[in-house]
Structures are given as C-alpha cells and as structure tokens.
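Before any comments, here is the structure.
Read the numbers this way: they start at 1 and go in the same order the structure lists the ligands and their atoms.
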Amino acid sequence: MGVCELCGRSNVETTIHHLLPKEMGGTFEPTSVLCIPCHKQIHALYTNEEIAARLRTIEELRKDEKLSRFINWIRKQPPTKVMKIKKSNERRRKGR
Ligand SMILES: [Zn+2]
Ligand SMILES: [Zn+2]
C-alpha cells in the first residue's frame, strides 16, 4: 500500500510505472509509483510511442487533458474501490 503520484490518493495498492516505457528503452530510466487504476488508464489512453514522445514526467501526464479528467474523477473514489477500465489487450500489456 502506498500513495499514488498521479492522483495523490493514499492507502492504495501501487504499481511501478516506467516513465519511459521499457519497450522504448526505459528499463533504467526513472519510474513512478501509481495506483492500479491510474496506471491502467495511462496505458489505455496512450501508446508507448506517445508516452515516450511527450508524457515522460508525472507533470506532463497530469496536464494532459484526457488524463486530467480521469484524475479529477478518481480522486473522489475510495481507495478500495475496484474499477473496470476498458482495455482490449490487457494480457499483453501486463507488467508495464
Ligand atoms: Zn492514482
Ligand atoms: Zn506503466
């Protein structure tokens, strides 16, 4: 359990996000700690190419319009709530 760097909720289950996707050479680049819904949302909204090109800091992610709308919503959700986020290729993208 920890604090999500994106939505700022505490007591959430967290995952490690590579700010530069591993597939784009980010294995040894900085990572950030995100709650599961935020992390899933990032990869549902953006491709690795988009992330590598313009969303390589938490600040840039927060400022992006699509994601900031999601953050405003998720902030109001209790940490324990499990959300369903639509994504077709979840299995392949696991572990990013
Ligand atoms: Zn979050
Ligand atoms: Zn990630």
Side-chain angles (χ1 to χ4, degrees):
M1 301 298 251
V3 179
C4 174
E5 290 183 37
L6 197 63
C7 65
R9 294 184 308 155
S10 51
N11 279 320
V12 288
E13 203 178 323
T14 54
T15 56
I16 298 295
H17 171 64
H18 286 257
L19 290 165
L20 177 62
K22 279 187 273 185
E23 290 78 358
M24 307 296 284
T27 305
F28 302 107
E29 298 291 320
T31 56
S32 86
V33 176
L34 303 177
C35 69
I36 293 167
C38 282
H39 199 180
K40 282 191 176 172
Q41 186 69 19
I42 290 172
H43 290 293
L45 286 173
Y46 313 110
T47 61
N48 280 344
E49 286 74 16
E50 269 186 289
I51 294 169
R54 61 181 185 92
L55 299 164
R56 282 162 67 168
T57 63
I58 286 291
E59 194 64 12
E60 284 166 327
L61 286 164
R62 270 204 196 122
K63 273 192 289 193
D64 192 84
E65 204 197 321
K66 283 184 275 185
L67 198 57
S68 72
R69 244 182 276 144
F70 169 82
I71 294 166
N72 283 335
W73 172 79
I74 191 133
R75 272 202 189 125
K76 299 167 200 150
Q77 311 305 313
T80 47
K81 188 173 169 184
V82 177
M83 270 139 299
K84 285 217 164 71
I85 288 161
K86 205 177 134 243
K87 193 166 64 169
S88 53
N89 48 0
E90 183 147 3
R91 191 175 293 270
R92 192 163 59 82
R93 292 186 157 197
K94 229 177 192 163
R96 273 186 207 163

For Gly8 against Val3, the heavy-atom pair lying closest together: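 So the minimum-distance heavy-atom pair works out to O-CG1, 4.0 Å.
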Angle subtended at the Zn ion (ligand 1) by Cys35 SG and Cys38 SG, rounded to 10 degrees: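 Nearest ten degrees: 100°.
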Phe70-Val12 co-clustered via ILVMFWY side chain contacts under 4.5 Å: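 No, because Phe70 and Val12 fall into different hydrophobic clusters, even though each may have its own neighbours under 4.5 Å.
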Metal proximity, His17 vs the Zn ion (ligand 2), N/O/S cut-off 2.8 Å: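 Yes, His17 qualifies, because one of its backbone or side-chain N, O or S atoms lies under 2.8 Å.
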His39 atom (N/O/S) at minimal separation from the Zn ion (ligand 2):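 Per the distance ranking, His39 contributes NE2 as its closest N/O/S atom to the Zn ion (ligand 2).
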Audit row: His18, Met24, side chain to side chain contact (heavy atoms under 4.5 Å, CB included) steps and yes/no: CA-CA 10 Å; His18 286 257; Met24 307 296 284; over 6 Å; no
Over 12 non-hydrogen atoms of neighbours within 6.0 angstrom of CD in Glu13: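 Result for CD/Glu13: open.
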